[in-house]
Participant: 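Here it is, the structure, as structure tokens.
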2 protein chains.
Amino acid sequence: MTVIFSKKCEYGMQAVLYLAAREKGTLVSADEISKVLKIPREFVSKILQSLRESGLISSSKGKSGGFSLAKSASRIKLIDVVAAIDGLDMFDSCVLGFQECSPTHPCPVHNTWGSLRTQTYDMLTSETIDKLKEKTLHKISSL
Amino acid sequence: MTVIFSKKCEYGMQAVLYLAAREKGTLVSADEISKVLKIPREFVSKILQSLRESGLISSSKGKSGGFSLAKSASRIKLIDVVAAIDGLDMFDSCVLGFQECSPTHPCPVHNTWGSLRTQTYDMLTSETIDKLKEKTLHKISSL
DNA sequence: ATTTAATCAGACATTTTTATCTGATTTTAT
DNA sequence: ATAAAATCAGATAAAAATGTCTGATTAAAT
């Protein structure tokens with residue numbers, strides 16, 4: 001199967017966007033996120049825990065507890081989620097899997113892929129979560 | 001882990017490029033491919049078998065048998081290998097993992113990713129294996 | 001003919017990813 | 001105080017990807 005990001009990472013990005021789409025300061029439960037985004041409850045729960053450990057989101061325990069962004073949505077980017085979950089290795093590796101792929105020993109698509117990789121990186125860094133979330137609201141409102 | 005193509009697919013592309021780099025008509029053993037490309041022997045053997053079933057390469061059994069391209073390198077593209085091994089799903093799926101991601105219900109990076117996906121597709125279709133192999137020769141000669 | 005070196009087929013094993021379970025702890029609301 | 005609803009931690013399970021093994025078959029070389 002061909003994939004860009006792991007399921008964990010996809011779900012993590014969706015969850016962070018969802019948290020941003022909710023009022024600032026509001027606590028959102030793993031259960032709600034699970035239902036809205038259709039992610040297995042215990043699985044998204046684990047992902048949220050790891051994002052908390054990474055410092056991207058924060059949580060409070062107990063009844064009416066839940067999760068919220070750890071900082072302003074204007075200071076979080078998708079790349080932060082990718083870095084926290086999948087890591088940034090893909091932005092430094094050969095698309096054909098050659099181990100020594102470098103400017104002096106490039107693979108046949110080295111330059112093309114280099115450009116695409118950079119553009120992908122830009123996609124994840126150019127806009128912050130608060131801008132991106134606007135474009136996600138229609139998905140969320142259709143609960 | 002973040003990945004574009006599966007290991008199978010990466011190895012498959014490398015193997016096809018290697019076959020193209022060898023003289024036309026020459027039979028290359030799985031053992032040689034394994035050693036040169038540093039891919040586990042039995043694993044690459046399976047990949048070669050599946051590429052044969054897909055019709056991209058052909059094989060002959062018995063002593064001094066081996067593999068060769070099933071047709072001219074000028075008629076094979078990397079996308080053919082991807083299609084045979086990983087399939088083309090990635091060129092029709094949401095990078096954030098949203099199930100219903102469409103022009104009418106786009107994810108926040110829908111258009112950007114759409115463009116990148118197209119460019120990636122182009123990278124795999126614009127040149128044939130015989131052109132690409134030239135750029136791989138330096139890797140192979142350093143055995 | 002026999003040996004040798006290769007593919008082939010299918011089962012098996014390991015590792016990683018994805019997902020679930022169990023129970024403990026925390027906090028709010030009654 | 002007690003019940004309810006949430007996170008948390010760690011073990012477990014299931015599925016998919018990656019890798020290995022065994023033996024059969026084939027065909028060239030001796």
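Model, not experiment: these values are computed from the prediction. Naming convention: chains lettered A, B, ... in sequence-line order (proteins, then strands); numbering from 1 in each chain.
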Participant: With clusters defined by side-chain heavy atoms of hydrophobic residues (ILVMFWY) lying less than 4.5 Å apart, directly or transitively, does A:Tyr121 cluster with B:Trp113?
Facilitator: yes

Participant: Return a table of donor-acceptor pairs under 3.5 angstrom between the side chains of residues 49-63 of chain A and protein atoms on other chains or two or more places apart.
Facilitator:
| unit_1 | atom_1 | unit_2 | atom_2 | d |
| --- | --- | --- | --- | --- |
| A:Ser50 | OG | A:Ile47 | O | 3.1 |
| A:Ser54 | OG | A:Ser50 | O | 2.9 |

Participant: Please collect all ring-ring contact (aromatic ring centres under 6.0 Å, His included) contacts where either partner lies in residues 37-76 of chain A, sequence neighbours excluded, each pair once.
Facilitator: A:Tyr11-A:Phe43

Participant: Under 4.0 Å, heavy atom to any atom of DNA chain C: which of residues 57-69 of chain A qualify?
Facilitator: A:Lys61, A:Gly62, A:Lys63, A:Ser64

Participant: I need the CZ-C1' distance between B:Phe43 and C:dT15, as an integer number of Å.
Facilitator: 12 Å

Participant: Please report the distance, rounded to the nearest Å, between CD in A:Glu10 and P in C:dA19.
Facilitator: 10 Å

Participant: Taking salt bridge (charged side-chain N to carboxylate O under 4.0 Å, His left out) as the test, write out the residues that go with B:Lys8, two or more places apart.
Facilitator: none

Participant: Under 4.0 Å between a Lys/Arg side-chain N and an Asp/Glu carboxylate O for B:Glu32 and B:Arg41?
Facilitator: no

Participant: How long is the line joining CD of A:Gln49 and C1' of D:dA11, in whole Å?
Facilitator: 13 Å

Participant: Name the one of A:Lys133, A:Lys77, A:Lys135 that satisfies salt bridge (charged side-chain N to carboxylate O under 4.0 Å, His left out) with A:Glu127?
Facilitator: A:Lys135

Participant: Taking any heavy-atom pair under 4.0 Å as a contact, classify A:Ser6: base, sugar-phosphate, or nothing.
Facilitator: sugar-phosphate

Participant: Given the rule that I, L, V, M, F, W and Y join up when any side-chain heavy atoms are under 4.5 Å apart, are A:Phe5 and A:Ile79 in one cluster?
Facilitator: yes

Participant: Using side-chain contact (heavy atoms from CB on, under 4.5 Å) as the criterion, list what pairs up with B:Ser126, not counting sequence neighbours.
Facilitator: none

Participant: Just how far, in rounded Å, is C1' of D:dA17 from NZ of A:Lys7?
Facilitator: 15 Å

Participant: Could you state the CG-P distance from B:Leu48 to D:dG19, rounded to the nearest angstrom?
Facilitator: 14 Å

Participant: Starting at atom CZ of B:Arg41, determine the distance to atom C1' of D:dT20, rounded to an integer number of angstrom.
Facilitator: 12 Å

Participant: Name the closest nucleotide to the A:Glu53 side chain, picking from D:dA9, C:dT7, D:dT20.
Facilitator: D:dA9

Participant: Using whole Å, what does the distance between atom P of nucleotide C:dT20 and atom CD1 of A:Ile39 come to?
Facilitator: 12 Å

Participant: Would you say A:Arg52 places a side-chain N or O within less than 4.0 Å of OP1 or OP2 belonging to D:dC8?
Facilitator: yes

Participant: In whole angstrom, what separates B:Leu27's CG from C:dC8's P?
Facilitator: 11 Å

Participant: Identify the pairs formed between an N or O of the protein and an N or O of nucleotides 21-24 of chain D at a distance under 3.5 Å, and give each distance.
Facilitator:
none

Participant: With a 3.5 Å distance limit and no angle check, can you tell me whether B:Gln14 reaches the backbone of A:Gly97 through a side-chain donor-acceptor pair?
Facilitator: yes

